[in-house]
Chemist: 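Before I ask anything, here is the structure I am working with.
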Protein chains: 2
Amino acid sequence: MATEPYTHLAYYERLVLQIKTRILQGIMQPGDKLPSVREMAKQEQLNPNTIAKAYKQLEADGVIYVEPGRGSFVAEPLKHANSTTVAAFRPKFDALVVEAQSLGIGLATLQAWLTEKEEHQR
Amino acid sequence: MATEPYTHLAYYERLVLQIKTRILQGIMQPGDKLPSVREMAKQEQLNPNTIAKAYKQLEADGVIYVEPGRGSFVAEPLKHANSTTVAAFRPKFDALVVEAQSLGIGLATLQAWLTEKEEHQR
DNA sequence: CTACGTGTACTATTATACACGGTACACATA
DNA sequence: TATGTGTACCGTGTATAATAGTACACGTAG
(Lines give C-alpha, C1' and ligand atoms only; values in the text may rest on other atoms or scores of the structure.)
Protein backbone atom coordinates (compact mmCIF):
# COMPACT_ATOMS: atom_id res chain seq x y z
CA MET A 1 0.00 0.00 0.00
CA ALA A 2 2.89 2.29 -0.77
CA THR A 3 1.57 4.19 -3.76
CA GLU A 4 -2.10 4.68 -4.52
CA PRO A 5 -2.91 5.74 -8.08
CA TYR A 6 -6.28 6.99 -6.96
CA THR A 7 -5.79 10.39 -8.46
CA HIS A 8 -2.32 9.98 -9.91
CA LEU A 9 -1.36 12.42 -7.18
CA ALA A 10 0.81 11.63 -4.18
CA TYR A 11 -0.76 11.75 -0.73
CA TYR A 12 1.35 14.67 0.42
CA GLU A 13 0.57 16.53 -2.81
CA ARG A 14 -3.13 16.05 -2.24
CA LEU A 15 -2.79 17.38 1.28
CA VAL A 16 -0.90 20.43 0.06
CA LEU A 17 -3.60 21.12 -2.50
CA GLN A 18 -6.38 20.57 0.01
CA ILE A 19 -4.93 23.00 2.53
CA LYS A 20 -4.17 25.62 -0.09
CA THR A 21 -7.75 25.37 -1.29
CA ARG A 22 -9.17 25.83 2.19
CA ILE A 23 -7.03 28.90 2.73
CA LEU A 24 -8.12 30.41 -0.57
CA GLN A 25 -11.75 29.71 0.28
CA GLY A 26 -11.34 31.48 3.61
CA ILE A 27 -12.14 28.35 5.59
CA MET A 28 -8.70 28.74 7.13
CA GLN A 29 -7.71 32.27 8.14
CA PRO A 30 -4.21 33.76 8.52
CA GLY A 31 -2.92 33.00 12.00
CA ASP A 32 -5.00 29.85 12.41
CA LYS A 33 -3.09 26.93 13.86
CA LEU A 34 -2.86 23.77 11.82
CA PRO A 35 -3.23 20.36 13.44
CA SER A 36 0.09 18.93 14.57
CA VAL A 37 1.92 16.52 12.34
CA ARG A 38 1.00 13.62 14.58
CA GLU A 39 -2.64 14.64 15.00
CA MET A 40 -3.14 15.21 11.29
CA ALA A 41 -1.57 11.81 10.68
CA LYS A 42 -4.31 10.20 12.77
CA GLN A 43 -7.07 12.18 11.06
CA GLU A 44 -5.87 11.33 7.56
CA GLN A 45 -4.79 7.80 8.39
CA LEU A 46 -1.31 8.57 7.12
CA ASN A 47 2.23 8.37 8.42
CA PRO A 48 3.51 11.44 10.32
CA ASN A 49 6.41 11.64 7.87
CA THR A 50 4.00 12.11 5.00
CA ILE A 51 2.29 14.98 6.80
CA ALA A 52 5.64 16.55 7.64
CA LYS A 53 6.55 16.45 3.97
CA ALA A 54 3.34 18.27 3.10
CA TYR A 55 3.91 20.93 5.76
CA LYS A 56 7.46 21.47 4.58
CA GLN A 57 6.18 21.99 1.05
CA LEU A 58 3.54 24.43 2.25
CA GLU A 59 6.17 26.41 4.15
CA ALA A 60 8.41 26.47 1.07
CA ASP A 61 5.45 27.85 -0.90
CA GLY A 62 4.94 30.52 1.77
CA VAL A 63 1.36 29.65 2.65
CA ILE A 64 2.17 28.61 6.21
CA TYR A 65 4.90 29.48 8.71
CA VAL A 66 6.39 27.45 11.52
CA GLU A 67 7.16 28.59 15.04
CA PRO A 68 9.64 26.05 16.41
CA GLY A 69 8.19 24.17 19.32
CA ARG A 70 4.78 25.83 19.00
CA GLY A 71 3.26 24.65 15.76
CA SER A 72 2.36 25.61 12.21
CA PHE A 73 0.14 28.53 11.29
CA VAL A 74 -1.56 29.95 8.21
CA ALA A 75 0.47 32.82 6.73
CA GLU A 76 -0.75 36.10 5.27
CA PRO A 77 -1.77 35.66 1.63
CA LEU A 78 0.77 36.81 -0.94
CA LYS A 79 -0.24 39.77 -3.07
CA HIS A 80 2.29 39.73 -5.85
CA ALA A 81 4.55 36.86 -6.86
CA ASN A 82 8.17 37.71 -7.59
CA SER A 83 9.47 37.19 -11.10
CA THR A 84 11.39 34.02 -10.37
CA THR A 85 8.27 32.38 -8.96
CA VAL A 86 6.32 33.36 -12.04
CA ALA A 87 9.10 32.15 -14.32
CA ALA A 88 9.03 28.78 -12.61
CA PHE A 89 5.27 28.49 -12.82
CA ARG A 90 4.68 29.66 -16.39
CA PRO A 91 5.94 26.50 -18.13
CA LYS A 92 3.52 24.36 -16.15
CA PHE A 93 0.67 26.58 -17.23
CA ASP A 94 1.74 26.59 -20.88
CA ALA A 95 2.08 22.81 -20.84
CA LEU A 96 -1.44 22.38 -19.50
CA VAL A 97 -2.84 24.72 -22.12
CA VAL A 98 -1.19 22.70 -24.88
CA GLU A 99 -2.61 19.57 -23.30
CA ALA A 100 -6.08 21.07 -23.25
CA GLN A 101 -6.03 22.21 -26.86
CA SER A 102 -4.82 18.81 -28.05
CA LEU A 103 -7.79 17.26 -26.28
CA GLY A 104 -10.13 19.61 -28.08
CA ILE A 105 -10.59 22.00 -25.19
CA GLY A 106 -10.15 25.46 -26.64
CA LEU A 107 -8.81 28.64 -25.11
CA ALA A 108 -12.32 30.05 -24.89
CA THR A 109 -13.37 27.21 -22.61
CA LEU A 110 -10.41 27.80 -20.32
CA GLN A 111 -11.23 31.51 -20.23
CA ALA A 112 -14.77 30.65 -19.24
CA TRP A 113 -13.59 28.42 -16.41
CA LEU A 114 -11.45 31.22 -15.02
CA THR A 115 -14.26 33.72 -15.26
CA GLU A 116 -16.49 31.28 -13.44
CA LYS A 117 -13.98 31.08 -10.62
CA GLU A 118 -13.73 34.84 -10.37
CA GLU A 119 -17.45 35.02 -9.81
CA HIS A 120 -17.56 32.23 -7.25
CA GLN A 121 -14.76 33.92 -5.36
CA ARG A 122 -16.73 37.03 -4.42
CA MET B 1 21.54 8.14 -16.45
CA ALA B 2 18.12 6.76 -15.71
CA THR B 3 16.21 9.85 -14.63
CA GLU B 4 17.11 13.41 -15.52
CA PRO B 5 15.34 16.10 -13.49
CA TYR B 6 15.96 18.73 -16.12
CA THR B 7 12.41 19.92 -16.16
CA HIS B 8 10.87 17.62 -13.57
CA LEU B 9 9.17 16.06 -16.57
CA ALA B 10 9.80 12.56 -17.91
CA TYR B 11 11.48 12.24 -21.29
CA TYR B 12 8.46 10.67 -22.92
CA GLU B 13 6.23 13.37 -21.44
CA ARG B 14 8.46 16.05 -22.88
CA LEU B 15 8.30 14.41 -26.28
CA VAL B 16 4.52 14.23 -26.12
CA LEU B 17 4.33 17.90 -25.24
CA GLN B 18 6.81 18.87 -27.94
CA ILE B 19 4.92 17.06 -30.68
CA LYS B 20 1.55 18.39 -29.53
CA THR B 21 2.97 21.90 -29.60
CA ARG B 22 4.31 21.51 -33.13
CA ILE B 23 0.95 20.25 -34.32
CA LEU B 24 -0.88 23.15 -32.70
CA GLN B 25 1.59 25.58 -34.25
CA GLY B 26 0.98 24.09 -37.68
CA ILE B 27 4.58 22.97 -38.06
CA MET B 28 3.21 19.46 -38.39
CA GLN B 29 0.12 19.05 -40.56
CA PRO B 30 -2.56 16.34 -40.43
CA GLY B 31 -1.42 13.35 -42.48
CA ASP B 32 2.28 14.07 -41.99
CA LYS B 33 4.32 11.03 -41.16
CA LEU B 34 6.26 11.01 -37.92
CA PRO B 35 9.79 9.65 -37.75
CA SER B 36 9.87 5.96 -36.92
CA VAL B 37 10.39 4.90 -33.35
CA ARG B 38 13.94 3.81 -34.09
CA GLU B 39 14.83 6.90 -36.10
CA MET B 40 13.41 9.29 -33.52
CA ALA B 41 15.37 7.39 -30.90
CA LYS B 42 18.59 8.22 -32.73
CA GLN B 43 17.61 11.87 -33.16
CA GLU B 44 16.69 12.38 -29.54
CA GLN B 45 19.42 10.13 -28.17
CA LEU B 46 16.83 8.06 -26.37
CA ASN B 47 15.85 4.42 -26.16
CA PRO B 48 13.29 3.23 -28.75
CA ASN B 49 11.09 2.03 -25.90
CA THR B 50 10.86 5.57 -24.57
CA ILE B 51 9.79 6.87 -27.98
CA ALA B 52 7.25 4.07 -28.32
CA LYS B 53 5.77 5.07 -24.99
CA ALA B 54 5.39 8.64 -26.18
CA TYR B 55 3.75 7.56 -29.45
CA LYS B 56 1.36 5.33 -27.58
CA GLN B 57 0.39 8.25 -25.36
CA LEU B 58 -0.12 10.50 -28.38
CA GLU B 59 -2.34 7.89 -30.00
CA ALA B 60 -4.36 7.54 -26.78
CA ASP B 61 -4.84 11.32 -26.79
CA GLY B 62 -6.01 11.15 -30.39
CA VAL B 63 -3.41 13.48 -31.87
CA ILE B 64 -1.77 10.79 -34.00
CA TYR B 65 -2.93 7.53 -35.55
CA VAL B 66 -1.03 4.38 -36.38
CA GLU B 67 -1.27 2.33 -39.54
CA PRO B 68 0.20 -1.06 -38.64
CA GLY B 69 3.36 -1.76 -40.58
CA ARG B 70 3.35 1.67 -42.24
CA GLY B 71 4.02 4.20 -39.53
CA SER B 72 2.49 6.96 -37.38
CA PHE B 73 0.75 9.99 -38.77
CA VAL B 74 -0.64 13.29 -37.48
CA ALA B 75 -4.40 13.07 -36.98
CA GLU B 76 -7.06 15.63 -37.76
CA PRO B 77 -7.41 18.14 -34.92
CA LEU B 78 -10.30 17.54 -32.54
CA LYS B 79 -13.01 20.16 -32.54
CA HIS B 80 -14.97 19.34 -29.42
CA ALA B 81 -13.84 17.19 -26.52
CA ASN B 82 -16.34 14.68 -25.18
CA SER B 83 -17.59 15.10 -21.65
CA THR B 84 -15.51 12.30 -20.14
CA THR B 85 -12.34 13.85 -21.52
CA VAL B 86 -13.29 17.21 -20.05
CA ALA B 87 -14.20 15.62 -16.73
CA ALA B 88 -10.77 14.00 -16.58
CA PHE B 89 -8.97 17.20 -17.45
CA ARG B 90 -10.83 19.67 -15.27
CA PRO B 91 -9.24 18.63 -11.93
CA LYS B 92 -5.77 19.18 -13.32
CA PHE B 93 -6.73 22.66 -14.37
CA ASP B 94 -8.35 23.47 -11.04
CA ALA B 95 -5.31 22.21 -9.17
CA LEU B 96 -3.00 24.41 -11.18
CA VAL B 97 -5.20 27.45 -10.58
CA VAL B 98 -5.09 26.85 -6.83
CA GLU B 99 -1.34 26.48 -7.09
CA ALA B 100 -1.07 29.78 -8.94
CA GLN B 101 -3.21 31.72 -6.50
CA SER B 102 -1.26 30.41 -3.52
CA LEU B 103 1.91 31.69 -5.18
CA GLY B 104 0.37 35.11 -5.55
CA ILE B 105 -0.49 34.73 -9.22
CA GLY B 106 -4.06 35.97 -9.52
CA LEU B 107 -6.85 34.91 -11.85
CA ALA B 108 -6.44 38.14 -13.79
CA THR B 109 -2.87 37.21 -14.66
CA LEU B 110 -3.94 33.80 -15.91
CA GLN B 111 -6.68 35.41 -17.97
CA ALA B 112 -4.10 37.72 -19.50
CA TRP B 113 -1.86 34.80 -20.42
CA LEU B 114 -4.71 33.08 -22.22
CA THR B 115 -5.67 36.21 -24.08
CA GLU B 116 -2.07 36.60 -25.13
CA LYS B 117 -2.09 33.09 -26.58
CA GLU B 118 -5.31 33.75 -28.48
CA GLU B 119 -3.65 36.69 -30.19
CA HIS B 120 -0.45 34.84 -31.03
CA GLN B 121 -2.51 32.04 -32.50
CA ARG B 122 -3.94 34.07 -35.35
C1' DC C 1 13.03 21.67 36.79
C1' DT C 2 9.88 18.34 34.70
C1' DA C 3 6.77 16.77 31.43
C1' DC C 4 4.64 17.34 27.24
C1' DG C 5 3.81 18.77 22.48
C1' DT C 6 5.93 20.82 18.54
C1' DG C 7 8.53 20.32 13.88
C1' DT C 8 12.47 18.08 12.13
C1' DA C 9 16.10 14.66 10.94
C1' DC C 10 17.60 10.54 10.49
C1' DT C 11 17.70 4.95 9.13
C1' DA C 12 15.45 1.27 6.89
C1' DT C 13 11.98 -1.23 4.03
C1' DT C 14 8.54 -1.88 0.30
C1' DA C 15 6.40 -0.61 -4.01
C1' DT C 16 6.02 1.93 -8.14
C1' DA C 17 7.55 4.51 -12.28
C1' DC C 18 11.13 5.91 -15.54
C1' DA C 19 14.71 4.86 -18.70
C1' DC C 20 17.71 1.75 -20.31
C1' DG C 21 19.40 -2.77 -23.29
C1' DG C 22 18.00 -6.47 -25.87
C1' DT C 23 14.96 -9.67 -28.33
C1' DA C 24 10.97 -11.10 -30.85
C1' DC C 25 6.58 -10.79 -33.32
C1' DA C 26 2.85 -9.34 -36.86
C1' DC C 27 2.09 -6.28 -40.18
C1' DA C 28 2.67 -3.56 -44.79
C1' DT C 29 5.40 -2.45 -48.58
C1' DA C 30 9.02 -2.47 -52.21
C1' DT D 1 12.04 -12.27 -49.87
C1' DA D 2 13.82 -8.49 -47.47
C1' DT D 3 13.09 -4.30 -45.10
C1' DG D 4 10.79 -1.02 -42.14
C1' DT D 5 6.90 -0.33 -39.12
C1' DG D 6 4.69 -0.34 -34.26
C1' DT D 7 4.34 -3.30 -30.45
C1' DA D 8 5.20 -6.63 -26.65
C1' DC D 9 7.96 -8.70 -23.87
C1' DC D 10 12.11 -9.78 -20.07
C1' DG D 11 15.50 -7.96 -17.20
C1' DT D 12 18.31 -4.09 -14.78
C1' DG D 13 19.36 0.20 -12.36
C1' DT D 14 17.68 4.27 -10.23
C1' DA D 15 14.65 7.74 -8.25
C1' DT D 16 10.54 8.75 -5.68
C1' DA D 17 6.52 7.78 -2.55
C1' DA D 18 4.88 5.97 1.60
C1' DT D 19 5.52 3.23 5.32
C1' DA D 20 7.67 2.24 10.41
C1' DG D 21 10.46 3.56 14.01
C1' DT D 22 13.72 6.39 16.73
C1' DA D 23 15.78 10.56 18.30
C1' DC D 24 16.71 15.51 18.84
C1' DA D 25 16.01 20.72 19.86
C1' DC D 26 12.76 23.77 20.85
C1' DG D 27 8.75 26.24 23.47
C1' DT D 28 5.29 26.09 26.85
C1' DA D 29 2.56 24.70 30.83
C1' DG D 30 2.54 22.06 35.05
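Throughout, a chain's letter reflects where its sequence line sits, starting with A, and its residues are numbered from 1. Remember, predicted model here, so these are calculated numbers, not experimental data.
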Chemist: Tell me which nucleotide among C:dG7, D:dT19, D:dG6 gets nearest to the side chain of A:Thr50.
Modeler: D:dT19
Chemist: Roughly, in whole Å, what's the span from CD1 in B:Ile51 to P in C:dG22?
Modeler: 16 Å
Chemist: Would you kindly compare A:Asn49 and A:Tyr12 by the position of their nearest DNA chain D nucleotide and give the one closer to the 5′ end?
Modeler: A:Tyr12
Chemist: Which pairs would a plain distance check flag for residues 65-76 of chain A, meaning a side-chain donor or acceptor within less than 3.5 Å of a matching protein atom at least two apart in sequence or in another chain?
Modeler:
| from | atom 1 | to | atom 2 | distance (Å) |
| --- | --- | --- | --- | --- |
| A:Glu67 | OE1 | A:Arg70 | NH1 | 2.4 |

Chemist: In terms of side-chain heavy atoms of B:Asn47, which of D:dT19, D:dG27, C:dC20 is nearest?
Modeler: C:dC20
Chemist: By the 4.0 Å heavy-atom rule, please label B:Glu59 as base, sugar-phosphate, or nothing.
Modeler: sugar-phosphate
Chemist: Please check this pair: side chain of B:Asp61 against backbone of B:Val63, looking for a donor-acceptor N/O pair closer than 3.5 Å.
Modeler: no
Chemist: Need to verify one output field. Residue with the more 5' nearest nucleotide on DNA chain C, B:Pro48 or A:Pro35?
Modeler: A:Pro35
Chemist: Over how many whole Å does the gap from A:Glu44 atom CD to D:dA18 atom P extend?
Modeler: 13 Å
Chemist: Measure from the side-chain heavy atoms of A:Lys53 and tell me the nearest of D:dA17, C:dA19, C:dG7.
Modeler: D:dA17
Chemist: Tell me the interatomic distance from A:Tyr65, atom OH, to D:dC26, atom C1', rounded to whole angstroms.
Modeler: 17 Å
Chemist: Where the side chain of A:Val37 is defined as all heavy atoms beyond and including C-beta, which of C:dG21, C:dG7, D:dA17 is the nearest nucleotide?
Modeler: C:dG7
Chemist: When the distance from CZ of A:Arg38 to C1' of C:dT6 is rounded to whole Å, what number comes out?
Modeler: 7 Å
Chemist: How many Å lie between CE on B:Met40 and C1' on D:dT5, as a whole number?
Modeler: 14 Å
Chemist: Does a donor on one side chain and an acceptor on the other come within less than 3.5 Å for A:Thr85 and A:Asn82?
Modeler: yes
Chemist: With a 4.5 Å limit on heavy-atom distance, are the side chains of A:Glu44 and A:Arg14 in contact?
Modeler: no
Chemist: Could you state the atom-to-atom distance from OH of B:Tyr11 to P of D:dG13 in whole Å?
Modeler: 19 Å
Chemist: Quick one, B:Gln101 and B:Leu110 - any side-chain contact, counting heavy atoms below 4.5 Å?
Modeler: no
Chemist: Hey, which sits more toward the 5' end of DNA chain D by its nearest nucleotide, B:Ser36 or B:Lys56?
Modeler: B:Ser36
Chemist: Without decimals, in angstroms, what is the distance between B:Arg70 CZ and C:dA28 P?
Modeler: 11 Å
Chemist: Taking atom C1' of D:dG6 as reference, at what distance in whole Å does atom CG of B:Leu58 sit?
Modeler: 14 Å
